[in-house]
There are 2 protein chains.
Amino acid sequence: MFSKTCEYAIKAVLYIATQSLNNTRVKIGDVAENTGSPEAFTAKILSTLTKHNMLHSLKGPYGGFEIEEKKMKQIKISEIVYAIDGDAIYNGCGLGLDKCNALKPCPMHDKFVKIRSELKKMLETTTIHELATKIKTGKSILIR
Amino acid sequence: MFSKTCEYAIKAVLYIATQSLNNTRVKIGDVAENTGSPEAFTAKILSTLTKHNMLHSLKGPYGGFEIEEKKMKQIKISEIVYAIDGDAIYNGCGLGLDKCNALKPCPMHDKFVKIRSELKKMLETTTIHELATKIKTGKSILIR
DNA sequence: TATATTTCGGACAAAAATATCCTAAATATA
DNA sequence: TATATTTAGGATATTTTTGTCCGAAATATA
(Lines give C-alpha, C1' and ligand atoms only; values in the text may rest on other atoms or scores of the structure.)
Protein backbone atom coordinates (compact mmCIF):
# COMPACT_ATOMS: atom_id res chain seq x y z
CA MET A 1 0.00 0.00 0.00
CA PHE A 2 2.59 2.53 1.18
CA SER A 3 6.32 2.42 0.50
CA LYS A 4 8.58 1.26 3.32
CA THR A 5 9.82 4.84 3.55
CA CYS A 6 6.28 6.04 4.07
CA GLU A 7 5.60 3.44 6.76
CA TYR A 8 8.70 4.59 8.61
CA ALA A 9 7.61 8.21 8.20
CA ILE A 10 4.18 7.64 9.70
CA LYS A 11 5.53 5.61 12.60
CA ALA A 12 8.24 8.20 13.28
CA VAL A 13 5.78 11.06 13.31
CA LEU A 14 3.46 9.14 15.61
CA TYR A 15 6.27 8.28 18.01
CA ILE A 16 7.47 11.87 18.12
CA ALA A 17 3.89 12.99 18.69
CA THR A 18 3.29 10.64 21.60
CA GLN A 19 6.47 11.92 23.22
CA SER A 20 5.53 15.52 22.53
CA LEU A 21 2.25 14.89 24.33
CA ASN A 22 4.50 14.37 27.37
CA ASN A 23 6.57 17.41 26.46
CA THR A 24 9.51 15.20 25.65
CA ARG A 25 11.77 15.99 22.73
CA VAL A 26 13.25 12.88 21.05
CA LYS A 27 16.46 12.07 19.20
CA ILE A 28 16.72 10.09 15.98
CA GLY A 29 18.11 7.12 17.89
CA ASP A 30 15.02 7.00 20.10
CA VAL A 31 12.72 7.22 17.14
CA ALA A 32 14.51 4.41 15.30
CA GLU A 33 14.56 2.22 18.38
CA ASN A 34 10.90 2.71 19.20
CA THR A 35 9.59 2.23 15.69
CA GLY A 36 11.85 -0.61 14.57
CA SER A 37 13.31 1.47 11.76
CA PRO A 38 16.91 1.83 10.51
CA GLU A 39 18.43 4.87 12.19
CA ALA A 40 20.29 6.60 9.34
CA PHE A 41 17.40 6.06 6.99
CA THR A 42 14.99 7.44 9.54
CA ALA A 43 17.21 10.51 9.82
CA LYS A 44 16.71 11.20 6.10
CA ILE A 45 12.98 10.81 6.39
CA LEU A 46 12.72 13.11 9.41
CA SER A 47 14.73 15.67 7.53
CA THR A 48 12.22 15.56 4.70
CA LEU A 49 9.29 15.88 7.06
CA THR A 50 10.94 18.80 8.83
CA LYS A 51 11.37 20.57 5.50
CA HIS A 52 7.70 19.96 4.86
CA ASN A 53 7.09 21.72 8.14
CA MET A 54 5.39 18.76 9.79
CA LEU A 55 7.97 18.49 12.54
CA HIS A 56 10.15 20.88 14.45
CA SER A 57 13.83 19.99 14.84
CA LEU A 58 16.56 21.39 17.06
CA LYS A 59 20.26 20.74 16.69
CA GLY A 60 22.74 20.31 19.48
CA PRO A 61 22.57 18.93 23.02
CA TYR A 62 19.00 18.57 24.28
CA GLY A 63 17.96 18.90 20.67
CA GLY A 64 15.82 16.47 18.70
CA PHE A 65 12.37 16.41 17.19
CA GLU A 66 9.04 17.55 18.49
CA ILE A 67 5.61 18.47 17.23
CA GLU A 68 3.20 20.97 18.73
CA GLU A 69 -0.14 19.66 19.90
CA LYS A 70 -1.82 22.21 17.67
CA LYS A 71 -0.05 20.75 14.64
CA MET A 72 -0.88 17.19 15.61
CA LYS A 73 -4.51 18.15 15.40
CA GLN A 74 -4.07 19.83 12.03
CA ILE A 75 -1.90 17.35 10.18
CA LYS A 76 -3.62 14.39 8.56
CA ILE A 77 -2.00 11.08 7.65
CA SER A 78 -2.79 11.89 4.03
CA GLU A 79 -0.29 14.74 4.15
CA ILE A 80 2.54 12.48 5.27
CA VAL A 81 1.69 9.98 2.55
CA TYR A 82 1.57 12.72 -0.05
CA ALA A 83 4.90 14.20 1.08
CA ILE A 84 6.67 10.83 0.84
CA ASP A 85 4.88 8.75 -1.80
CA GLY A 86 3.28 11.47 -3.89
CA ASP A 87 -0.21 11.15 -5.32
CA ALA A 88 0.03 7.77 -7.06
CA ILE A 89 -2.10 6.12 -4.39
CA TYR A 90 -4.81 8.74 -4.84
CA ASN A 91 -4.73 9.28 -8.60
CA GLY A 92 -2.67 6.58 -10.29
CA CYS A 93 -4.38 3.92 -12.41
CA GLY A 94 -4.67 0.57 -10.63
CA LEU A 95 -3.39 -1.21 -13.74
CA GLY A 96 -0.66 1.34 -14.39
CA LEU A 97 -2.11 3.01 -17.49
CA ASP A 98 -0.61 6.42 -18.18
CA LYS A 99 -3.99 7.94 -18.81
CA CYS A 100 -7.01 6.33 -17.24
CA ASN A 101 -10.21 8.20 -16.54
CA ALA A 102 -13.97 7.93 -16.77
CA LEU A 103 -13.82 8.65 -20.51
CA LYS A 104 -11.11 6.13 -21.35
CA PRO A 105 -11.14 3.84 -18.34
CA CYS A 106 -9.12 0.72 -17.67
CA PRO A 107 -11.37 -2.27 -17.00
CA MET A 108 -11.04 -1.83 -13.25
CA HIS A 109 -11.37 1.93 -13.18
CA ASP A 110 -14.80 2.26 -11.57
CA LYS A 111 -14.08 -0.33 -8.95
CA PHE A 112 -10.77 1.28 -8.09
CA VAL A 113 -12.22 4.76 -7.86
CA LYS A 114 -14.65 3.50 -5.27
CA ILE A 115 -12.03 1.86 -3.07
CA ARG A 116 -9.53 4.65 -3.41
CA SER A 117 -11.95 7.41 -2.59
CA GLU A 118 -12.67 5.61 0.66
CA LEU A 119 -8.98 5.18 1.33
CA LYS A 120 -8.42 8.83 0.57
CA LYS A 121 -11.25 9.93 2.82
CA MET A 122 -9.93 7.74 5.60
CA LEU A 123 -6.42 9.19 5.35
CA GLU A 124 -7.73 12.74 5.04
CA THR A 125 -9.82 12.51 8.18
CA THR A 126 -7.27 10.82 10.41
CA THR A 127 -5.06 13.18 12.40
CA ILE A 128 -1.70 12.59 14.00
CA HIS A 129 -3.26 13.56 17.31
CA GLU A 130 -5.97 10.93 17.09
CA LEU A 131 -3.47 8.14 16.50
CA ALA A 132 -0.88 9.45 18.97
CA THR A 133 -3.58 9.42 21.64
CA LYS A 134 -4.35 5.78 20.89
CA ILE A 135 -0.72 4.94 21.44
CA LYS A 136 -0.40 7.00 24.59
CA THR A 137 -3.42 5.32 26.16
CA GLY A 138 -2.04 1.87 25.32
CA LYS A 139 -4.75 1.06 22.81
CA SER A 140 -2.23 0.46 20.06
CA ILE A 141 1.46 -0.06 19.38
CA LEU A 142 4.17 1.06 16.95
CA ILE A 143 6.55 -1.85 17.18
CA ARG A 144 6.57 -5.67 17.26
CA MET B 1 -1.33 -0.88 -4.84
CA PHE B 2 -0.12 -3.80 -6.98
CA SER B 3 3.43 -4.43 -8.13
CA LYS B 4 4.29 -3.60 -11.74
CA THR B 5 4.58 -7.34 -12.35
CA CYS B 6 1.04 -7.81 -11.11
CA GLU B 7 -0.29 -4.99 -13.28
CA TYR B 8 1.30 -6.62 -16.33
CA ALA B 9 -0.15 -9.97 -15.28
CA ILE B 10 -3.71 -8.69 -15.03
CA LYS B 11 -3.49 -6.81 -18.31
CA ALA B 12 -1.97 -9.83 -20.06
CA VAL B 13 -4.68 -12.18 -18.81
CA LEU B 14 -7.38 -9.73 -19.85
CA TYR B 15 -5.90 -9.30 -23.30
CA ILE B 16 -5.62 -13.05 -23.81
CA ALA B 17 -9.18 -13.43 -22.57
CA THR B 18 -10.61 -10.86 -24.98
CA GLN B 19 -8.87 -12.65 -27.83
CA SER B 20 -10.04 -16.03 -26.62
CA LEU B 21 -13.59 -14.70 -26.69
CA ASN B 22 -12.97 -14.47 -30.46
CA ASN B 23 -11.36 -17.91 -30.47
CA THR B 24 -8.01 -16.33 -31.26
CA ARG B 25 -4.85 -17.69 -29.68
CA VAL B 26 -2.18 -15.02 -29.04
CA LYS B 27 1.60 -14.94 -28.94
CA ILE B 28 3.72 -13.21 -26.31
CA GLY B 29 4.59 -10.47 -28.78
CA ASP B 30 0.91 -9.65 -29.32
CA VAL B 31 0.28 -9.56 -25.61
CA ALA B 32 3.21 -7.24 -24.96
CA GLU B 33 2.24 -4.96 -27.81
CA ASN B 34 -1.40 -4.69 -26.79
CA THR B 35 -0.79 -4.15 -23.09
CA GLY B 36 2.22 -1.85 -23.30
CA SER B 37 4.41 -4.31 -21.40
CA PRO B 38 8.03 -5.41 -21.95
CA GLU B 39 7.95 -8.59 -24.00
CA ALA B 40 10.56 -10.78 -22.29
CA PHE B 41 9.27 -9.82 -18.88
CA THR B 42 5.72 -10.58 -19.93
CA ALA B 43 6.93 -14.01 -21.07
CA LYS B 44 8.09 -14.76 -17.53
CA ILE B 45 4.82 -13.65 -16.07
CA LEU B 46 2.73 -15.69 -18.49
CA SER B 47 4.86 -18.69 -17.66
CA THR B 48 4.03 -18.24 -13.98
CA LEU B 49 0.33 -17.88 -14.69
CA THR B 50 0.39 -20.97 -16.90
CA LYS B 51 1.97 -22.94 -14.08
CA HIS B 52 -0.79 -21.66 -11.81
CA ASN B 53 -3.18 -23.12 -14.34
CA MET B 54 -4.84 -19.81 -15.13
CA LEU B 55 -3.86 -19.92 -18.80
CA HIS B 56 -3.33 -22.58 -21.38
CA SER B 57 -0.18 -22.39 -23.50
CA LEU B 58 0.88 -24.19 -26.67
CA LYS B 59 4.39 -24.27 -28.10
CA GLY B 60 5.31 -24.20 -31.75
CA PRO B 61 3.78 -22.64 -34.85
CA TYR B 62 0.19 -21.52 -34.32
CA GLY B 63 0.90 -21.82 -30.62
CA GLY B 64 0.45 -19.14 -28.01
CA PHE B 65 -1.84 -18.50 -25.07
CA GLU B 66 -5.54 -18.90 -24.60
CA ILE B 67 -8.07 -19.21 -21.83
CA GLU B 68 -11.34 -21.12 -21.89
CA GLU B 69 -14.51 -19.15 -21.42
CA LYS B 70 -15.41 -21.44 -18.55
CA LYS B 71 -12.17 -20.48 -16.79
CA MET B 72 -12.66 -16.78 -17.43
CA LYS B 73 -15.89 -17.04 -15.49
CA GLN B 74 -14.27 -18.94 -12.65
CA ILE B 75 -11.04 -17.02 -12.14
CA LYS B 76 -11.19 -13.86 -10.05
CA ILE B 77 -8.75 -10.97 -10.16
CA SER B 78 -7.88 -11.78 -6.55
CA GLU B 79 -6.33 -15.06 -7.71
CA ILE B 80 -3.98 -13.33 -10.12
CA VAL B 81 -2.97 -10.85 -7.43
CA TYR B 82 -2.38 -13.64 -4.95
CA ALA B 83 -0.33 -15.67 -7.44
CA ILE B 84 1.96 -12.73 -8.21
CA ASP B 85 2.05 -10.48 -5.14
CA GLY B 86 1.13 -12.95 -2.42
CA ASP B 87 -1.14 -12.03 0.46
CA ALA B 88 0.52 -8.84 1.73
CA ILE B 89 -2.24 -6.70 0.28
CA TYR B 90 -4.87 -8.76 2.08
CA ASN B 91 -3.17 -9.48 5.39
CA GLY B 92 -0.07 -7.31 5.80
CA CYS B 93 -0.04 -4.47 8.34
CA GLY B 94 -0.48 -1.05 6.75
CA LEU B 95 2.41 0.29 8.79
CA GLY B 96 4.57 -2.76 8.22
CA LEU B 97 4.45 -4.26 11.71
CA ASP B 98 5.42 -7.93 11.80
CA LYS B 99 2.51 -8.78 14.02
CA CYS B 100 -0.52 -6.55 13.95
CA ASN B 101 -3.96 -7.76 14.91
CA ALA B 102 -7.05 -6.76 16.86
CA LEU B 103 -5.32 -7.68 20.14
CA LYS B 104 -2.11 -5.74 19.47
CA PRO B 105 -3.10 -3.36 16.72
CA CYS B 106 -1.06 -0.66 15.03
CA PRO B 107 -2.76 2.73 15.34
CA MET B 108 -4.31 2.42 11.90
CA HIS B 109 -5.35 -1.21 12.18
CA ASP B 110 -9.13 -0.79 12.38
CA LYS B 111 -9.23 1.73 9.59
CA PHE B 112 -7.09 -0.45 7.36
CA VAL B 113 -9.11 -3.56 8.01
CA LYS B 114 -12.18 -1.75 6.80
CA ILE B 115 -10.62 -0.53 3.54
CA ARG B 116 -8.85 -3.75 2.80
CA SER B 117 -11.85 -5.95 3.36
CA GLU B 118 -13.63 -3.90 0.73
CA LEU B 119 -10.69 -4.15 -1.62
CA LYS B 120 -10.54 -7.87 -1.03
CA LYS B 121 -14.24 -8.30 -1.63
CA MET B 122 -14.00 -6.27 -4.83
CA LEU B 123 -11.12 -8.39 -6.16
CA GLU B 124 -12.79 -11.63 -5.10
CA THR B 125 -16.02 -10.84 -6.91
CA THR B 126 -14.51 -9.57 -10.15
CA THR B 127 -13.99 -12.22 -12.83
CA ILE B 128 -11.73 -12.21 -15.85
CA HIS B 129 -14.81 -12.70 -17.99
CA GLU B 130 -16.54 -9.61 -16.65
CA LEU B 131 -13.56 -7.38 -17.44
CA ALA B 132 -12.74 -9.02 -20.77
CA THR B 133 -16.31 -8.36 -21.86
CA LYS B 134 -15.92 -4.68 -21.00
CA ILE B 135 -12.89 -4.52 -23.24
CA LYS B 136 -14.48 -6.46 -26.08
CA THR B 137 -17.49 -4.14 -26.12
CA GLY B 138 -15.26 -1.06 -26.18
CA LYS B 139 -16.27 0.12 -22.73
CA SER B 140 -12.68 0.07 -21.51
CA ILE B 141 -9.09 -0.15 -22.67
CA LEU B 142 -5.83 -1.89 -21.74
CA ILE B 143 -3.33 0.53 -23.22
CA ARG B 144 -2.70 4.28 -23.48
C1' DT C 1 13.21 -35.62 -41.57
C1' DA C 2 14.29 -30.73 -41.85
C1' DT C 3 12.73 -26.20 -40.83
C1' DA C 4 10.39 -22.56 -38.81
C1' DT C 5 7.86 -21.00 -34.94
C1' DT C 6 6.75 -20.59 -30.40
C1' DT C 7 6.97 -21.22 -25.20
C1' DC C 8 10.22 -22.45 -21.21
C1' DG C 9 13.79 -21.55 -18.11
C1' DG C 10 18.26 -20.17 -16.50
C1' DA C 11 21.77 -16.58 -16.35
C1' DC C 12 22.57 -11.99 -16.50
C1' DA C 13 21.75 -6.62 -16.45
C1' DA C 14 19.65 -2.27 -15.23
C1' DA C 15 16.94 0.58 -12.42
C1' DA C 16 14.72 1.78 -8.27
C1' DA C 17 14.14 1.43 -3.42
C1' DT C 18 16.19 0.88 0.83
C1' DA C 19 20.04 1.61 3.84
C1' DT C 20 24.79 3.19 5.58
C1' DC C 21 28.68 6.33 6.39
C1' DC C 22 30.90 10.40 7.09
C1' DT C 23 31.66 15.32 7.48
C1' DA C 24 29.61 19.84 8.25
C1' DA C 25 26.69 22.94 10.78
C1' DA C 26 24.32 24.34 14.83
C1' DT C 27 24.00 24.90 19.68
C1' DA C 28 23.92 24.01 24.92
C1' DT C 29 26.94 23.94 28.70
C1' DA C 30 31.03 24.32 31.33
C1' DT D 1 36.22 29.63 24.05
C1' DA D 2 36.42 24.61 23.98
C1' DT D 3 33.77 20.46 24.02
C1' DA D 4 30.13 17.40 23.50
C1' DT D 5 25.82 16.54 21.33
C1' DT D 6 22.63 16.50 17.85
C1' DT D 7 20.49 17.34 13.12
C1' DA D 8 21.60 18.17 7.87
C1' DG D 9 23.11 16.55 3.72
C1' DG D 10 26.12 14.45 0.26
C1' DA D 11 28.33 10.26 -1.32
C1' DT D 12 28.17 5.56 -1.43
C1' DA D 13 26.52 0.65 -0.73
C1' DT D 14 23.11 -3.07 -0.66
C1' DT D 15 18.87 -5.26 -1.82
C1' DT D 16 14.81 -5.80 -4.42
C1' DT D 17 12.28 -5.16 -8.43
C1' DT D 18 12.09 -4.84 -13.06
C1' DG D 19 13.84 -6.14 -17.34
C1' DT D 20 16.90 -8.62 -21.18
C1' DC D 21 19.23 -12.42 -23.58
C1' DC D 22 19.88 -16.74 -25.24
C1' DG D 23 19.74 -21.64 -25.84
C1' DA D 24 16.61 -25.71 -25.03
C1' DA D 25 12.30 -28.03 -25.71
C1' DA D 26 8.07 -28.69 -28.13
C1' DT D 27 5.43 -28.88 -32.25
C1' DA D 28 3.15 -27.76 -36.90
C1' DT D 29 4.09 -28.03 -41.66
C1' DA D 30 6.38 -29.13 -45.83
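In what follows, chains carry the letters A, B, and so on, assigned in the order in which the sequence lines appear, proteins first and then strands, with residues in each chain numbered from 1.
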task: Measure from the side-chain heavy atoms of A:Lys44 and tell me the nearest of C:dA25, D:dT18, C:dC21.
output: C:dC21
message: Is A:Tyr8 close enough to C:dT18 that one of its side-chain N or O atoms is under 4.0 Å from OP1 or OP2 there?
response: no
query: Which listed nucleotide (D:dT20, D:dT5, D:dT7) is nearest to the side chain of A:Pro61?
result: D:dT5
task: Verify the contact: side-chain N or O of A:Tyr62 to OP1 or OP2 of D:dA4, cut-off strictly under 4.0 Å; return yes or no.
output: no
- request: Classify the angle between the aromatic ring planes of A:Tyr8 and A:Phe41 as parallel (below 30°), tilted (30 to 60°) or perpendicular (above 60°).
  value: perpendicular
query: Expressed in angstrom and rounded to an integer, what is the separation of B:Phe41 atom CZ from C:dA15 atom C1'?
result: 12 Å
- prompt: Hey, does B:Leu58 reach any base, or is it just sugar-phosphate, or nothing, if we go heavy atoms under 4.0 Å?
  reply: sugar-phosphate
field: Shortest non-hydrogen contact from B:Asp85 toward B:Ser3
entry: OD1-OG, 2.6 Å
statement: Of D:dT18, C:dG9, D:dG9, the nucleotide closest to the side chain of B:Lys51 is C:dG9
- prompt: Within the structure shown, what part of the strands sits under 4.0 Å from A:Ile28 by heavy-atom distance: base, sugar-phosphate, or nothing?
  reply: sugar-phosphate
- prompt: Quick one: which of D:dA11, D:dA8, D:dT18 gets closest to the side chain of B:Thr5?
  reply: D:dT18
query: Base, sugar-phosphate, or nothing for A:Gly64, non-hydrogen atoms under 4.0 angstrom?
result: sugar-phosphate
Distance test, side-chain N/O of B:Ser47 to OP1/OP2 of C:dG9, below 4.0 Å: yes
query: Between A:Glu66 and A:Arg25, is there a salt bridge with N-O shorter than 4.0 Å?
result: yes
field: Side chain of A:Lys4 (C-beta onward), nearest among D:dT18, C:dA19, D:dA8
entry: C:dA19
message: Go nucleotide by nucleotide along DNA chain C from the 5' end; which of B:Val26 and A:Cys6 gets its closest nucleotide reached first?
response: B:Val26
query: More than 12 foreign heavy atoms under 6.0 Å from OH of A:Tyr82: is that the case here?
result: no
query: For DNA chain D, whose closest nucleotide is more 5', that of B:Gly60 or that of B:Pro38?
result: B:Pro38
query: Of the nucleotides C:dA11, C:dT7, C:dT20, which has the atom closest to the B:Lys27 side chain?
result: C:dT7
